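Read the structure below first, then the notes.
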Amino acid sequence: MDLVRGRPALARAAEAAMDQTPGIEEARVNPVTGRVLLRHDRTLSPRDVTQLLYRTIERALTHLRGSAANLVAHRSTTRPEGPGPAEHRSSPPQGIPEPRRHKDRSSAGRWLPKAFALGGALAAAVAGGPFLLKLLSRPLLTLGLATAATAGVVRKAWSRADQVRQQSGEDPPRGHALRRVIGSHKRKFGVAALLSGIAQLAEMALFALTPSIVLLVAKGGSATMAGLGVVGVSAQLATLAGAGALACLAMAGSGYAAGVAWRGLAQDVEDDWRTRTYAHIQQMAPADLESERVSRVNSVLSEDIGQLGTFVGSSMHDVVQLGTSLALLIPMFLLLAPQIAWVAFAPIPVVAWLSFRFHERAVAGTALAGEHRDRLNGRVTENLHAHPTIKSAATEEHEIARVGELNRKHSDISRSTGRSAALPPQILRLAGGSALVGTVLLGGRAVLRGELSTASFGPLIELPGIAMLRLSRLGNITDQYQRTLSALDRVENLHRLPVEPVTEGDPVPIQQVKGEVELRRVTFAYPGRSPVLRDTSLTFASGRTTAIVGTTGAGKTTVAKLLMRFRHPDQGRVLLDGTDVSSLALPDLRRAIGYVTQEPFLFDATIGENIRYGSFDASDEQLVAAARTAGADTFIDSLPDGYATQVGERGAALSGGQKQRIALARTILRDPPVIILDEATSAIDNETEATIQRALHIFKTGRTMVVIAHRLSTVQNADRIYVMGPGGLVAETGKHEELVARGGIYSSLWKLQVGEPALV
């Protein structure tokens, strides 16, 4: 970065700041070259890391500017008058831009206006108490003020969340996010929302009936119920108790059904998104998948899609219940007790503000605790992997001390976060309880004055507390919604990546493939690099073995990727039997080519299942014959479970040579007319190589073999050898004996590998 080049102080400050940034595990900043090396959490995308880097550099620069300004101010008060050495010493440190002059704002200066404003508001409230109470007695005015204040709180909180999203480089939401998340499951969403609403109505009905029963017993009867035909205290009590029991049953039954419905909908949403996303990934070109990083794609499939399900399964239930409680609370107070409606409406914006405020602090504390936990877990995991190294260096006490220190820091942060997290729920309960107390106090006085009937007052006592309890979850709901927007953005970005045209192109019946392959004046460059192939022409004769050797970076593996259409040439053509491979059906083309790499991938399955991969209908006899041809039958038969042996993750239970032979057997079982061996014998011993060479000698008859190798003993029996240099330049071509006798590049490489001195 140009910003830190030539500024050692800024580089050191940036390193220190990055080391304290959540998600960044290690940072190194070179003040000479300006280059930055970061090791970060795998869940962070390159765009996230870039944004973090620039913000951290800006903070470090601001800090250094402030330090320089303080240094200048301090020295200016102590330096002697007149020019001299002291004047030179008062200049800012080298590499730090001159700080801007600004007024020093003390803590008292910041809080004094707020204190005056709060005091003035309290004084105005005391002086104008009767007038305010008169205004508040107008329910529609109170409702409007509460609605406007709550909307302002929510809008401000959402604006802060959007700013955070924009600073992290995420695209702004494009609207109708919930509709995109739900997708085709709108009917299930409607059913789940209806059940949640019924459960909330039943709960509020139960809490409305409870104080009515108490008032009925205390008063000795209800004139309202008597007017409805229910006469007698016992009959009225039985009626209310029966209604309460029905409400309780409805609350439990609908609550259970709502929980099941939301969880089922969440699972359907996850399954749908994961299935479609994985299908899209499988159809992507290898080059596009490589540029996205496998770890990041895996994070989208697991964590981001899981976030969509979590939001639907939990937060949406809370949203519906919050909306239902407010939708019932407001009209009931307006209809039954409009004179005390302000008591129920006034706490709404306060509880909303407290909910957002406390949740923001909780998120910050949780993030800090999570950072220390990740450091502790990372150190423990690293030590477990490095156990032999620690033992051999006799550094057990050192590692115990390091882990103990990290554990102490994590414990201190967790305790502090726990104490902070215990306070907000109690304050929110206090706010909700104040609504209950206010309702009882003012409503009771209205009943005593005859302004409010007992029948109207009873059901309203508990309702504000229930609504405030639901409203206190607003901060968490908003946070989950913002997380869901971010997750949805990453998932949809993955869906916008192009896929391979698997349904296009001319069919290629494998029986009709002769296997003649040609690269005709091909030029290819990886993004941001110079061309690895420049006007390169190669021919691989049908039914013959052609080898490619050369230095690292000569484009040998790139040739294989172009043949498989993993990459596409910038210029020129790649031909199979005289037809451009870009015009052929992609699945047919790849079925006609067997590709064995230096590090073949084995699935966590049995040996037999790995050999059968891609030829799932092969018989046991064909399986054994392929293993025998590949020279793998000997070691397979020596295993206790034979072909049923589990190979472990990525074939961890097998040696490199055994994995190579299984991969070769897999290709032999497919029986393709063209085979590409890309450094397939470079990491195995001579005995295993000889076994594979014998297998290939049997199998290559009538097939086109393309052998890419560094080890020249692998290619000495090839019908033709290309010696490639930088830029895909063909330096030499011919058979092994011809190239050795020619005394060129190949001859020098051969003499070095067989131990003879090479001519300089």
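Please read these numbers as outputs of a predicted model, since none were measured by experiment.
The distance from the CD1 atom of Ile281 to the CG atom of Leu494 is 4.5 Å, given to the nearest 0.5 Å. A distance of 10.5 Å separates CD1 in Ile676 from CE in Met705, rounded to the nearest 0.5 Å. The distance from atom CG of Leu639 to atom CD of Gln646, rounded to the nearest 0.5 Å, is 12.0 Å. With rounding to the nearest 0.5 angstrom, the CD atom of Glu492 is 9.5 Å from the OG1 atom of Thr277. The CD1 atom of Ile662 sits 6.5 Å away from atom CG of Asn610, with the distance rounded to the nearest 0.5 Å. The line from CG of Leu488 to CD1 of Ile305 is 10.0 Å long, rounded to the nearest 0.5 Å.
Not counting sequence neighbours, Phe540 has no partner by the ring-ring contact (aromatic ring centres under 6.0 Å, His included) test.
When every heavy atom of Ser314 is checked against every heavy atom of Thr310, the shortest pair comes out as OG-O, 2.7 Å. Residues Ala627 and Ala665 share a closest heavy-atom pair of CA-CB, 3.9 Å. In terms of heavy-atom proximity, Pro600 sits nearest to Lys659 at CG-O, 3.9 Å. Across every non-hydrogen atom of Pro507 and Ala585, the tightest pair is CA-CB, 4.2 Å. Taking all atoms of both residues into account, the shortest heavy-atom contact from Thr606 to Ala644 is CG2-O, 3.5 Å. Taking all atoms of both residues into account, the shortest heavy-atom contact from Leu533 to Ala554 is CD2-O, 4.1 Å.
Using a 4.5 Å cut-off on side-chain heavy atoms (C-beta onward), Tyr595 and Leu677 make no contact. Between Leu376 and Val403, some side-chain heavy-atom pair lies under the 4.5 Å cut-off. When side chains are defined from C-beta on, Asp268 does not count as touching Asp272, because their heavy atoms never get closer than 4.5 Å. Between Thr558 and Tyr526, the closest side-chain pair of non-hydrogen atoms falls below 4.5 Å. You'll find the side chain of Val581 stays beyond 4.5 Å of the side chain of Leu563, heavy atoms only. Within the 4.5 Å cutoff, the side chain of Glu270 has no heavy atoms near those of the Leu308 side chain. In this structure, the side chains of Val549 and Leu749 stay at 4.5 Å or more apart for every pair of heavy atoms. By the 4.5 Å heavy-atom criterion applied to side chains, Asp633 and Val624 are not counted as neighbours.
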Problem - Trace of the side chain to side chain contact (heavy atoms under 4.5 Å, CB included) decision for Val312 with Val181 - result: CA-CA 9 Å; Val312 172; Val181 170; 3.8 Å; yes
Practice task
Show the numbers, then the answer: is there a side chain to side chain contact (heavy atoms under 4.5 Å, CB included) between Leu664 and Gln660?
Solution key: CA-CA 6 Å; Leu664 185 58; Gln660 283 288 5; over 6 Å; no
Exercise for the section: Could you walk me through whether Lys561 and Phe524 pass side chain to side chain contact (heavy atoms under 4.5 Å, CB included), step by step? Expected result: CA-CA 11 Å; Lys561 292 180 178 180; Phe524 173 81; over 6 Å; no
Exercise for the section: Check the pair Val707 / Ile721 against side chain to side chain contact (heavy atoms under 4.5 Å, CB included), numbers first and verdict last. Expected result: CA-CA 9 Å; Val707 182; Ile721 301 173; over 6 Å; no
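The only option from Glu732, His736, Lys751 that meets the side-chain hydrogen bond (donor to acceptor under 3.5 Å, both in side chains) definition with Tyr746 turns out to be His736. Of the residues Val574, Thr733, Val730, the one that meets the side-chain contact (heavy atoms from CB on, under 4.5 Å) test with Leu538 is Val730.
With hydrogens and angles disregarded, a donor-acceptor distance shorter than 3.5 Å links the side chain of Asp570 to the backbone of Ala525. A distance-only check finds no donor-acceptor pair linking the side chain of Thr395 to the backbone of Lys391 [under 3.5 Å]. With Arg274 contributing its side chain and Leu301 its backbone, the two residues share a donor-acceptor pair below 3.5 Å. With hydrogens and angles ignored, the 3.5 Å screen pairs no side-chain donor or acceptor of Arg670 with any backbone N or O of Ser615. Proximity of a side-chain donor or acceptor of Asp577 to a complementary backbone N or O of Gly515 within less than 3.5 Å is detected. A distance-only check finds no donor-acceptor pair linking the side chain of Ser747 to the backbone of Leu739 [under 3.5 Å]. Under a 3.5 Å cut-off, the side chain of Arg565 and the backbone N or O of Arg590 do not form any donor-acceptor pair. The backbone N or O of Arg534 lies less than 3.5 Å from no partner atom in the side chain of Thr523, so there is not a single donor-acceptor pair. For Ser411 (side chain) and Asn407 (main-chain N/O), no donor-acceptor pair under 3.5 Å exists by modelled atom type. Tyr722 places no side-chain N or O within donor-acceptor distance of the main-chain N or O of Thr546, the cut-off being under 3.5 Å.
Under the 4.0 Å criterion applied to side-chain N and carboxylate O atoms, Lys514 and Glu516 are not assigned as salt-bridge partners. Under the 4.0 Å criterion applied to side-chain N and carboxylate O atoms, Arg612 and Glu609 are not assigned as salt-bridge partners. For Glu405 and Arg408, the salt-bridge test passes: some basic side-chain N is under 4.0 Å from an acidic carboxylate O.
A side-chain N or O of Gln282 and one of Tyr278 form a donor-acceptor pair less than 3.5 Å apart.
By the neighbour-count criterion of 12 heavy atoms within 6.0 Å, atom NE2 of His568 is densely surrounded, having more than that number from other residues, nucleotides or ligands.
Below 30°, between 30° and 60°, or above 60°: for Phe603 and Tyr613 the angle between ring planes is between 30° and 60°, a tilted geometry.
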